[in-house]
Amino acid sequence: MKKIFIASLISIASIGAANCATTPWWEQPTICRLSPSNCYAGKLGAGYDAGMWDAGANCWGMKFICPDALTTGDTQPVAMGRNEIAGGTNVKRDFDTDTLNGDCFGVRRTTANGTMASVNGAYVNVWCSGILENADEQLPNGEITLGAQPTCDALAENGYAGVLNGKCYGKYYNMNEYMIECDGSSITPTRLIVLNGADYNAPRGETPADKSAADAKFNQMQAVSKTQRAKYFKE
């Protein structure tokens, strides 16, 4: 009889412990003892609710996840448990839920000093403002599209080349002075052709320092040209 009574007490204690982990504290019987530990270290400020009980992690404090970082279509930040966030439950993989974004957590992942952003698991260019016809999202360095990326040909029609321009992609070239040459559907141009009369600054180290240097450069070019012509006629 004593063994049965002891077993019954163990069963009741087990049920009580399970209920403590899943039942809100205000609905729990007095037998429950909540864990005094906090889910996150330090003083919980913006983006947290320190008074919410995280039943899944058995600790105090929940994070508010920004609506843009969620797959649920919510329009307001949602308080989520630590295990839910770690497991990626209802969280978009392109967002970093460890970074505070105002009063909630969740910013789009970026790389290369913010010049590229994660979209559908792949990194795409962050375009300088005004280049995209229909930008879907504004980021600190520029804007992105969540659909098909612009091609080199589409950019070149408006005088833009898909090259890095400071902290974003897209550099403008006057179409009266330059021609952007593209190859297939690539974003990056194959080469930039300088038209006659263009005010072109050669890259550092390639501009002749004086007249004698310019003459030497010209003579070198002329010699190469003669060699190529001789080889051509010989063949």
Side-chain angles (χ1 to χ4, degrees), residues 40 42 45-48 63-78 80 85-86 88 90-194 198-206:
Y40 303 95
Y48 294 95
K63 267 185 178 181
F64 283 107
I65 305 302
C66 298
D68 287 344
L70 298 171
T71 61
T72 54
D74 286 274
T75 57
Q76 297 295 325
V78 175
M80 295 183 64
I85 298 171
N90 297 328
V91 177
K92 295 177 183 176
R93 58 180 173 171
D94 297 317
F95 283 76
D96 177 7
T97 54
D98 289 326
T99 302
L100 188 64
N101 184 13
D103 58 355
C104 54
F105 284 87
V107 297
R108 189 172 291 278
R109 299 181 189 276
T110 60
T111 188
N113 295 322
T115 60
M116 303 195 76
S118 179
V119 175
N120 297 325
Y123 282 94
V124 301
N125 291 345
V126 174
W127 298 96
C128 300
S129 297
I131 292 179
L132 297 176
E133 291 184 3
N134 296 300
D136 291 308
E137 193 172 316
Q138 193 72 31
L139 297 179
N141 287 4
E143 52 197 25
I144 59 173
T145 175
L146 303 180
Q149 299 300 306
T151 63
C152 175
D153 287 325
L155 293 167
E157 286 182 3
N158 296 314
Y160 287 101
V163 296
L164 191 60
N165 182 19
K167 294 184 178 181
C168 52
Y169 278 84
K171 195 168 185 179
Y172 177 75
Y173 291 93
N174 188 329
M175 289 186 284
N176 293 323
E177 300 180 346
Y178 302 92
M179 186 176 76
I180 301 169
E181 189 174 88
C182 300
D183 181 16
S185 60
S186 173
I187 292 177
T188 307
T190 55
R191 61 178 174 172
L192 179 70
I193 300 174
V194 184
D199 183 13
Y200 177 71
N201 293 320
R204 183 178 296 178
E206 295 184 15

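Just so it is clear, the model here is predicted, and its values are computed rather than measured.
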Drop me the distance from [X]'s [atom1] to [Y]'s [atom2], to the nearest 0.5 angstrom.
X: Y173; Y: I193; atom1: OH; atom2: CD1; value: 13.0 Å
X: N165; Y: W127; atom1: CG; atom2: CH2; value: 11.0 Å
X: K171; Y: C128; atom1: NZ; atom2: SG; value: 10.5 Å
X: L146; Y: N120; atom1: CG; atom2: CG; value: 7.5 Å
X: T151; Y: I187; atom1: OG1; atom2: CD1; value: 8.5 Å
X: C182; Y: E157; atom1: SG; atom2: CD; value: 9.5 Å

Taking every non-hydrogen atom, the tightest pair across [X] and [Y]:
X: I131; Y: G170; value: CD1-CA, 3.4 Å
X: A117; Y: L139; value: CB-CD1, 3.6 Å
X: G162; Y: P189; value: N-CD, 3.9 Å
X: N101; Y: G106; value: ND2-O, 3.4 Å
X: L100; Y: G47; value: CD1-CA, 3.9 Å
X: L132; Y: T145; value: CD1-N, 3.8 Å

Does [Y] offer a backbone N or O that forms a donor-acceptor pair with the side chain of [X] under 3.5 Å?
X: R109; Y: Y123; answer: no
X: N125; Y: M116; answer: no
X: D68; Y: R108; answer: no
X: N90; Y: L70; answer: no
X: T115; Y: A112; answer: yes
X: K63; Y: Y40; answer: no
X: D103; Y: A46; answer: no
X: N174; Y: N176; answer: yes

Q.
Going by salt bridge (Lys or Arg N to Asp or Glu O under 4.0 Å), name the residues that satisfy it together with E181, two or more places apart in sequence or in a different chain.
A. R191
Q: Compute the ring centroids of F95 and F105, then answer whether they are less than 6.0 Å apart.
A: no
(Q) side chain to side chain contact (heavy atoms under 4.5 Å, CB included), that's the test. Do L192 and I180 meet it? Break it down for me. (A) CA-CA 5 Å; L192 179 70; I180 301 169; 3.9 Å; yes
**Q.** side chain to side chain contact (heavy atoms under 4.5 Å, CB included) between V194 and Y178, worked out
**A.** CA-CA 5 Å; V194 184; Y178 302 92; 4.1 Å; yes
Q.
I'd like to know whether CG of D183 has more than 12 heavy-atom contacts from other residues, nucleotides or ligands below 6.0 angstrom.
A. no
Q. With distance as the sole criterion, is a donor-acceptor pair present between the side chains of T72 and D74 under 3.5 Å?
A. yes
Q.
Side chains of Q149 and V119, heavy atoms from C-beta outward: is any pair under 4.5 Å?
A. no
Q: With the side chain counted from C-beta on, respond yes when Q138 and S129 share a heavy-atom pair under 4.5 Å apart, and no when they do not.
A: yes
